[in-house]
Amino acid sequence: MDDNLSEIGLIGLAVMGQNLALNIADHGFRISVYNRTSSKTKAFVESNPNTPGGLVDCESLEDLVSSIQRPRKIILLVQAGEATDAVINSLLPHLDKGDIIIDGGNAKWTDTIRREKELKGKGFHLIGSGVSGGEEGARFGPSLMPGGDLEAWATLEPIWQSIAAKVDPENGKPLEGAEPGKPIEGGFPCSAYIGPNGAGHYVKMVHNGIEYGDMQMICEAYDLMQRLLDLTPLEMGEIFNDWNKGSLDSFLIEITADILKQADPRTGKPFVDIVLDTAGQKGTGKWTSVNALDMGVPAPTVSEAVFARCLSAVKEERVAAESVLSGPEHSFSGDKVEFVKAIRDALYCSKICSYAQGFQLMREAQNEYDWELNFGEISQIWRGGCIIRAAFLQKITEAYERDPSLANLLLDPYFRDSIAAAQANWRKVVATAAEHGVPIPTFASALAYYDGYRCARLPQNLLQAQRDYFGAHTYERTDEERGNFFHIDWPESERVELAT
């Protein structure tokens, strides 16, 4: 093996690419880097001359490939979709059979399945790896969700395990304190083999869908406190800071406290008050919702979080509607301290239901795509590095350790008892919000999901009768085995009165 050759390469030096390259080099791996704009590559390497592993400036794809040990491992951090296909196609003529391409972008899992099949037929390997944690995670330790064939993963594993975020193996809390050139040593790595072909990118998509739900739930808690309780951003920041010391301990709660305490550098006003109330999205939340619909899996909380962003986008329409559409006018008159506690409970219960939906979706996907997913391990690698990292995930890990075949998180004793203890407050919050005209789509949808899931008999018996009436779609009977279908001849002349 030539010591002058790099152990891995990377294409795409936007913010994520640069930070991941530095993370890899900090862990002692020599890495070759390439960007379509060669001046950017040169400037990046020159500005980081003393990394433990070393960065190699490559002016062309041919230079990149020739500078890497075989079997070559090359990470792509480029725009998902056609851009990824274009880079792969331009790279293939320079590769040898057995080389490995690692797609670290937010690719759609179905694209990854297609690409993996095509490349395998040509003698190459593809690893589709979710990379979560933003630029800070990429720099000092992301959560990594690789999918592909096991032979390729075995080659990549030492690097991926080294650069991933680390958590304390005893309590699952993220290990912190990494600095440039001084990565975290020890701990449990937040990276694990997910499954074949598109499994890694699929799990990353569900992660992002859950992230949508988490963020919207936090926004609803904030909105209730500002609208009903007239709390200032600074007061709310202290409340979120307090919540972060308990069962809601998480990255998103932590940064929410920081945001609410931040002053706008231009005006001195609370920063959150000068931010426009419209939110964008990159598509992974929508993918999660559409996939749930395609597979017939209930994931209403994620979907409502996506729709909330869509509704926020029609700002001008909302401004116009406010002056013509009426709502309740009475103000909140209850105990504010107790209602803050109720909001916390509603947030936690809704969070449980949102994660239950996400894991239920992954459970169905493994049947659809012939994967075998380890849900306890997935929750483990989400404990650090990623955006949804939270103490809560340790409880999910423990739930799947107790019962690896758990049908739904709501059935685990810890989560069952947690909701039993807090659901009165949850219901109080949903009812109070409705009475006062405050929109809480994720809190309300999560409660409806919970009540629907715990209900042995739902009103869809009437729906099935309706379908048979207008379209002869047939129905099943309660007094017959499942799978036997019937139809009634519905003309009015043949209708009979109910037996008394």
Side-chain angles (χ1 to χ4, degrees), residues 80-81 103-114 128-134 142-147 194-195 197-220 250-252 279-313 350-369 371 373 375 378-379 381-382 386-390 392-393 396 408-410 441-446 448-450 452-453:
D103 181 2
N106 261 341
K108 195 170 186 178
W109 81 99
T110 49
D111 287 342
T112 304
I113 292 173
R114 168 181 58 81
S129 181
V131 179
S132 180
S143 175
L144 297 167
M145 295 153 257
I194 302 298
N197 48 68
H201 276 143
Y202 185 89
V203 168
K204 172 59 162 58
M205 177 199 71
V206 174
H207 163 282
N208 285 19
I210 290 172
E211 179 187 310
Y212 273 57
D214 273 356
M215 295 174 72
Q216 176 63 25
M217 284 181 239
I218 291 170
C219 289
E220 290 172 20
S250 68
F251 172 71
L252 285 170
Q281 54 182 307
K282 292 186 176 179
T284 46
K286 182 180 76 173
W287 291 351
T288 307
S289 299
V290 171
N291 180 244
L293 288 168
D294 286 342
M295 294 199 299
V297 177
T301 307
V302 173
S303 298
E304 288 292 353
V306 175
F307 288 139
R309 296 195 188 194
C310 296
L311 187 58
S312 78
S350 299
K351 186 181 179 79
I352 292 171
C353 287
S354 180
Y355 280 67
Q357 293 164 32
F359 277 82
Q360 204 170 25
L361 183 57
M362 291 188 288
R363 182 167 170 256
E364 182 61 30
Q366 68 177 354
N367 299 325
E368 180 79 11
Y369 297 105
W371 299 331
L373 304 180
F375 301 121
I378 289 169
S379 57
I381 66 173
W382 286 351
C386 65
I387 303 301
I388 65 171
R389 60 186 183 267
F392 172 87
L393 286 157
I396 297 180
N408 189 298
L409 282 176
L410 295 176
T442 54
F443 281 9
S445 71
Y449 172 82
Y450 174 75
Y453 191 73

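Bear in mind the structure is a predicted one, so any value in this text is a computation, not a measurement. When reading the values below, keep in mind they use all heavy atoms of this one structure, side chains included, and skip hydrogens, waters and symmetry mates.
Annotation: side-chain contact (heavy atoms from CB on, under 4.5 Å) contacts of S445 (sequence neighbours excluded): P300, T301, E304. Every side-chain contact (heavy atoms from CB on, under 4.5 Å) that L311 has, sequence neighbours left out, goes to V314, R318. Annotation: side chain to side chain donor-acceptor pair (under 3.5 Å) contacts of S143 (sequence neighbours excluded): none. In this view, R363 satisfies the salt bridge (Lys or Arg N to Asp or Glu O under 4.0 Å) rule with no residue, not counting sequence neighbours. Among residues two or more places apart in sequence or in another chain, the side-chain contact (heavy atoms from CB on, under 4.5 Å) test is passed with N291 by W109, Y202, M205, M295, L361, Y369.
A distance-only check finds no donor-acceptor pair linking the side chain of H207 to the backbone of G130 [under 3.5 Å]. A donor-acceptor pair under 3.5 Å is formed between the side chain of R389 and the backbone N or O of C386. Within the 3.5 Å criterion, the main-chain N or O of G105 finds a donor-acceptor partner in the side chain of H201.
Of all non-hydrogen atoms in G358 and V206, the two that sit nearest each other are O-CG1, 3.6 Å. Of all heavy-atom pairs between A199 and L373, the closest is CB-CD2, 4.3 Å. Closest approach of P298 to Q360, counting heavy atoms only: CG-OE1, 4.2 Å. In terms of heavy atoms, V302 sits closest to S354 at CG2-OG, 4.4 Å.
Heavy-atom neighbours of F307 CZ from other residues, nucleotides or ligands within 6.0 Å: at or below the threshold of 12.
Taking the side chain as every heavy atom from C-beta outward, D294 and E368 never approach each other to under 4.5 Å. Between I396 and W382, every side-chain heavy-atom pair lies at or beyond the 4.5 Å cut-off.
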Using atom types as modelled, flag every donor-acceptor pair under 3.5 Å from a side chain in residues 211-218 to any protein atom, sequence neighbours excluded.
| from | atom 1 | to | atom 2 | distance (Å) |
| --- | --- | --- | --- | --- |
| D214 | OD1 | K351 | NZ | 3.4 |
| D214 | OD2 | K351 | NZ | 3.3 |
| D214 | OD2 | Y355 | OH | 2.7 |
| Q216 | NE2 | E220 | OE2 | 3.0 |

